[in-house]
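Hydrogens, waters and symmetry mates play no part in the numbers below; they use all other heavy atoms, side chains included. Fair warning: this is a prediction, and the values are worked out from it, not measured in the lab. To find a chain, count down the sequence lines: A is the first, B the second, and so on, and within it residues start at 1.
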Amino acid sequence: MTKFAQQVLAVVSAIPIGQVSTYKIVADLSGYPRSARAVGLVLKKNKFHFLSNGRKKIPCHRVIKSNGQIGGFSLGFEKKKQLLHFEGLIIKNNRINNFEQKLYYK
DNA sequence: AGTAAGGCGGGCA
DNA sequence: GTGCCCGCCTTAC
């Protein structure tokens, strides 16, 4: 695993339930401000996603696009929406309601 | 080692 | 609101 990937996973795993972050923010907090796109790749590729791992739970579903849209998900778009909704977020037209107020920055 | 493509972002029309 | 284009970093082949 690359340093970059480790940083990304560390940041993402710190996002609290009920909050979300964006690929941009994660990239920023990881110390690679222009790697938003690469962040998506790491999340897609990592084996420790929220559902199938008991210890390292990486809540990749809490990472969305900077415009409030959901973005992609390796386990499927619907699954991501479902998980977010389950954590109390309201989703309408593939977009999070008031996501600005639920953003995790640090 | 080269190249293409990806869970993206920002700027501008 | 839409769409297009260019830049970005990493992975896959």
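- Across dC8(B), dG10(B), dG7(B), the shortest atom-to-atom separation from the side chain of K24(A) is found for dG10(B).
- When the C1' atom of dC9(C) is taken as reference, atom CD of Q6(A) falls 17 Å away, rounded to whole Å.
- Considering only side-chain atoms of R37(A), the nucleotide from dG9(B), dG6(B), dC9(C) that sits closest is dG6(B).
- Side chains of H61(A) and E87(A): a donor on one and an acceptor on the other come within 3.5 Å.
- Atom NZ of K3(A) is separated from atom P of dT11(C) by 14 Å (rounded to the nearest Å).
- Side chain of K80(A) to backbone of I64(A): no donor-acceptor contact under 3.5 angstrom is found.
- Residue-level contact check: K44(A) touches the bases, meaning some heavy atom is under 4.0 Å from a base atom.
- Nearest to the side chain of Y32(A), among dT10(C), dG7(B), dG9(B), sits dT10(C).
- Both distances falling under 3.5 Å, in either a Watson-Crick or a G-U wobble arrangement, place dC8(B) opposite dG7(C).
- Hydrophobic cluster membership differs between L9(A) and I17(A), with clusters built from Ile, Leu, Val, Met, Phe, Trp and Tyr side chains linked at under 4.5 angstrom.
- Within the nucleic acid shown, R95(A) comes within 4.0 Å of sugar-phosphate atoms alone, with no base atom in reach, counting heavy atoms only.
- Considering only side-chain N and O atoms, K65(A) lies under 4.0 angstrom from the phosphate OP1 or OP2 of dC8(B).
- One atom, CG of N67(A), and another, P of dG11(B), lie 14 Å apart when rounded to the nearest Å.
- Taking atom CG on N93(A) and atom C1' on dG1(C), their separation rounds to 13 Å, with Å as the unit.
- F4(A) comes within 4.0 angstrom of sugar-phosphate atoms only, judged by non-hydrogen atoms across all strands, and of no base.
- Residue contacts shown for V63(A) include a base, since a base heavy atom lies under 4.0 Å away.
- The side chain of S66(A) contributes an N or O atom lying less than 4.0 Å from OP1 or OP2 of dG9(B).
- The distance between atom CG of L43(A) and atom P of dG7(B), rounded to the nearest whole Å, is 10 Å.
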Check your understanding: Which is it for L84(A) and I70(A) under the side chain to side chain contact (heavy atoms under 4.5 Å, CB included) test, yes or no, and what are the steps along the way?
Key -> CA-CA 9 Å; L84(A) 289 169; I70(A) 308 297; 4.2 Å; yes

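- The interatomic distance linking Q7(A) (CD) with dC9(C) (P) rounds to 16 Å, in whole Å.
- Place Q69(A) and A5(A) on DNA chain C by their nearest nucleotides, and Q69(A) ends up nearer the 5' end.
- Here dC8(B) presents its P atom at 13 Å from CZ of F73(A), a figure rounded to the nearest Å.
- Picking from dG9(B), dC9(C), dG1(C) the nucleotide with the shortest atom distance to the side chain of A38(A) gives dC9(C).
- Within 4.0 Å of T2(A), counting heavy atoms only, lie sugar-phosphate atoms of the nucleic acid but no base atom.
- Contact detail for A36(A) and A27(A): the closest heavy-atom pair is N-CB, 3.7 Å.
- Listed nucleotides dG9(B), dC8(C), dG7(B) differ in distance to R34(A); the shortest reach to its side chain belongs to dC8(C).
- Rounded to whole angstrom, the span from the CD1 atom of I15(A) across to the P atom of dG7(B) amounts to 18 Å.
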Check your understanding: Checking side chain to side chain contact (heavy atoms under 4.5 Å, CB included) for the pair L89(A)/N97(A): CA distance, chi angles, key distance, verdict?
Key -> CA-CA 7 Å; L89(A) 299 169; N97(A) 272 23; over 6 Å; no

